[in-house]
Amino acid sequence: MITAMAEKHEKKTGLPHLEGSENGVVMRFAPNPSGPLHIGHARASALNDAYVKQCGGRYILRIEDTDPKRVDPEAYATVQEDIRWLGLGITEVVAQSERLPIYYDLCKQLIEKGGAYVCTCDNELFKELKDHKTACPCRDQPVAKSLELWQKMLDHGFKEGEASVRIRTDLNNPDPAMRDFPAFRILDTPPHPKVKAHVYPLMNFSVVADDHLLGVTHVIRGKDHIANTRRQRFIYDHFGWKVPVYRHYGRMGIEGVVLSTSQMRAGINAGTYTGWDDIHLGTLRALARRGIQPEAVKNAMIAIGIGDVDISFSWDNLYAENKKLVDPTANRYFFVPEPVEAKIEGAPAHTAHALLHPGDATRGSRTLEFTGSVLIPKAELVPGTAMLRLKDLFNVKIAWNGDTPSFSYGGASLADARAAKAHIVQWLPAQATVPCTLLTQEGIMSGACEPAVRSELGKVVQFERVAFVKIDAVGADGVRAYFTHK
RNA sequence: GCUGCUAUAGUGUAGUGGCCAAUCAUGUCGGCCUUUCACGCCGACGACUGGGGUUCGAAUCCCCAUAGCAGCACCA
């Protein structure tokens with residue numbers, strides 16, 4: 001009794017329980033190979049991944065390439081690269097184009113069972129009949145006739161659009177979407193890049209065949225598949241197979257980035273975007289380029305969960321997840337946007353030491369050699385400002401002649417700076433800087449940074465008082481960094 | 001039009017008849033700490049779509065309304 005009460009009010013940790021997951025699960029991620037993965041794919045793949053990790057089991061990557069129009073040969077590799085980046089626990093990989101004979105065989109079986117028939121009606125005519133709950137002439141032809149026509153399909157006896165296989169359902173089903181939906185069609189063009197074929201399964205058929213044959217127990221996918229799930233049940237029933245457990249999550253609106261593969265491709269070809277990792281795109285590689293960690297993406301997706309409500313994706317929440325990961329590890333450096341050179345009168349030469357990380361002195365420090373002139377951010381030089389504290393160095397007094405400042409040594413006392421409410425600002429020795437451009441989604445910020453930043457290529461660092469940034473390129477002309485988040 | 005799903009703070013989320021004058025995170029604002037406008041800490045703000053029922057009791061169950069979404073492709 002007491003334990004029951006305790007269980008009832010137990011706090012949930014992680015994802016909700018999936019019915020039938022006690023002895024492990026077999027799940028799958030099934031993208032089209034049409035381009036790199038984006039945030040939308042991240043939700044599907046991360047949720048399935050999390051359940052496999054939570055319950056134990058297998059995780060299948062299934063490339064759904066049964067529509068040659070939507071296959072980009074390069075995507076087979078890019079999808080797998082993206083999955084590796086995300087860190088998914090994929091245990092096996094299959095491509096549907098390699099399994100055509102399996103589908104053909106099952107189709108024949110299904111026709112023999114009377115669960116499907118070959119339809120040679122004009123598409124418009126069929127739609128018309130279907131909308132009026134009327135059977136097309138092919139529906140009642142003998143099984144032998146369907147089998148003969150099926151063989152004719154496979155033997156190239158029909159051209160594109162002349163014949164298809166339909167699943168027998170219930171023409172009186174109130175939902176028109178459920179009535180005798182197609183399972184196979186003929187496609188002559190374009191040729192499939194991976195396999196020579198003429199007859200292709202539609203997803204509802206190949207998905208059922210594969211889910212059954214591969215032993216898939218649980219399916220988590222978007223609610224745009226709810227109707228497909230209902231259609232797929234007809235096929236399961238015809239075969240007498242066990243149906244997996246399904247869960248359909250709601251739509252996720254994502255603002256601020258481009259997600260449509262065709263739009264991205266067009267933009268890249270037109271030169272609007274620099275590539276699939278352009279920071280204006282919603283691809284995983286674009287996130288990676290901006291310094292978003294794969295763990296942050298997964299955590300954000302798991303936090304969103306599998307609710308069936310439509311939601312809007314929050315960049316803030318993603319950034320917060322990322323900051324948790326990056327803040328403890330990112331080294332700190334000075335970056336001076338719009339640098340202004342200031343010659344400081346009366347200041348003694350001094351070697352400044354600044355910690356690489358304020359919370360961990362053992363990580364060491366950078367040394368900045370002051371010999372008379374510094375670069376400071378233009379934004380700090382608001383006329384009337386009397387004092388600034390150069391962080392880890394000393395105070396600077398500013399005298400104003402109209403809008404023209406002149407600088408002099410203001411002592412080393414931090415207490416003085418505090419008393420004067422002086423800003424503590426980042427700076428660079430004028431003789432030891434590297435040009436640095438900081439790219440944000442809004443535009444370019446140019447400035448200068450510490451030479452040591454060049455050793456952080458590929459890493460996320462914090463430009464103090466500015467932002468976390470990803471060091472994207474280091475060259476003779478300086479450093480290029482991408483804005484990650486504040 | 002037909003079929004179906006959903007509705008908790010700005011955003012995401014917990015909640016399955018009494019623990020809920022509603023959880024956590026994020027966000028915004030204020031404060032503390034601090035040689036970063038970061039991190040950390042403290043505090044504040046902020047929601048059960050509306051209306052009917054059922055019940056001793058409803059965010060939770062039912063009905064209606066409203067709103068949003070999905071599907072009705074020889075795409076996945």
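Only heavy atoms go into these numbers, but all of them, side chains included; no hydrogens, no water, no symmetry mates. First the proteins, then the strands, lettered A, B, ... as listed; each starts at 1.
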Backbone N/O of A:R230 and side chain of A:Y246: donor-acceptor pair under 3.5 Å: no

What does A:P31 touch in the nucleic acid at a heavy-atom separation under 4.0 angstrom: a base, only the sugar-phosphate, or nothing? nothing

Have a look at A:D316 and say if it touches a base, only the backbone sugar-phosphate, or nothing, with a 4.0 Å heavy-atom cut-off. sugar-phosphate

Pairwise P distance for B:A47 and B:U54, with rounding to whole Å: 29 Å

Side chain of A:P174, heavy atoms from C-beta onward: which of B:U3, B:A70, B:U11 has the nearest atom to it? B:U3

Heavy atoms under 4.0 Å, any strand shown: does A:R389 hit a base, just sugar-phosphate, or nothing? base

Checking all strands, does A:S34 fall into the base, sugar-phosphate, or nothing category for heavy-atom contacts under 4.0 angstrom? nothing

Compute the ring centroids of A:W150 and A:Y117, then answer whether they are less than 6.0 Å apart. no

Should the side chain of A:R70 and the base of B:C75 be counted as holding a donor-acceptor pair, with the cut-off at 3.5 Å? yes

Would you kindly check whether a donor in the side chain of A:Q462 faces an acceptor in the base of B:U36, or vice versa, at under 3.5 angstrom? yes

Using the C1' atom as the reference point in each nucleotide, state the distance between B:C48 and B:A21 in Å, no decimals. 13 Å

Once pairs are restricted to Watson-Crick or G-U wobble with both distances under 3.5 Å, how does RNA chain B read as a dot-bracket string, [ ] for crossings and | for other-strand pairs? (((((((..(((.....[.....)))((((((.......))))))...(((((..]....))))))))))))....

When only distance counts, do a donor and an acceptor, one from the side chain of A:E380 and one from the base of B:C37, lie under 3.5 Å apart? yes

For the pair A:F335 and A:F463, name the ring-plane relationship: parallel under 30°, tilted 30 to 60°, perpendicular over 60°. parallel

Base, sugar-phosphate, or nothing: which does A:D67 touch, judged by heavy atoms less than 4.0 Å apart? sugar-phosphate

Using the P atom as the reference point in each nucleotide, state the distance between B:U16 and B:C72 in Å, no decimals. 36 Å

Taking any heavy-atom pair under 4.0 Å as a contact, classify A:H248: base, sugar-phosphate, or nothing. nothing

Quick one: does A:D180's side chain have a donor or acceptor within less than 3.5 Å of a partner on A:T169's backbone? yes

Checking A:H38 side chain against A:G40 main chain: does a donor-acceptor pair fall under 3.5 Å? yes

Out of B:G71, B:U35, B:U26, minimum distance to the side chain of A:K391 belongs to B:U35

What interatomic distance, in whole Å, is found between P of B:U60 and the corresponding atom of B:U55? 16 Å

With nearest nucleotides of RNA chain B determined for A:D65 and A:G307 from heavy-atom distances, which residue corresponds to the more 5′ nucleotide? A:G307

With the side chain counted from C-beta on, respond yes when A:H192 and A:S97 share a heavy-atom pair under 4.5 Å apart, and no when they do not. yes

Across the strands shown, which category fits A:F468 at heavy-atom distances under 4.0 angstrom: base, sugar-phosphate, nothing? sugar-phosphate

Counting the atoms with a prime plus P, OP1 and OP2 as sugar-phosphate, which does A:R179 contact under 4.0 Å by heavy atoms, base, sugar-phosphate, or nothing? nothing

Report which part of the nucleic acid A:N228 touches: base, sugar-phosphate, or nothing (heavy-atom distance under 4.0 Å, all strands). base

Euclidean distance for P, B:A38 against B:U13 (whole angstrom): 28 Å

For A:G305, which contact category applies under a 4.0 Å heavy-atom criterion: base, sugar-phosphate, or nothing? nothing

Could you check A:T484, A:T329, A:L287, A:N322 and say which one makes a side chain to side chain contact (heavy atoms under 4.5 Å, CB included) with A:Q293? A:N322

For nucleotides B:A7 and B:A59, find the distance between their C1' atoms and express it as a whole number of Å. 11 Å

Measure from the side-chain heavy atoms of A:D224 and tell me the nearest of B:U34, B:C39, B:A70. B:A70

Looking only at atom C1', what distance separates B:C29 and B:G46, rounded to whole Å? 12 Å

Applying a 4.0 Å non-hydrogen cut-off, can you work out what A:L202 is touching in the nucleic acid: base, sugar-phosphate, or nothing? sugar-phosphate

A:D308 near the nucleic acid: base, sugar-phosphate alone, or nothing, with a heavy-atom cut-off under 4.0 Å? sugar-phosphate

Parallel, tilted or perpendicular: ring planes of A:H485 versus A:Y319, cut at 30 and 60 degrees: tilted

Say whether A:N48 and A:R28, considering side chains only, have a donor N or O and an acceptor N or O under 3.5 Å apart. no

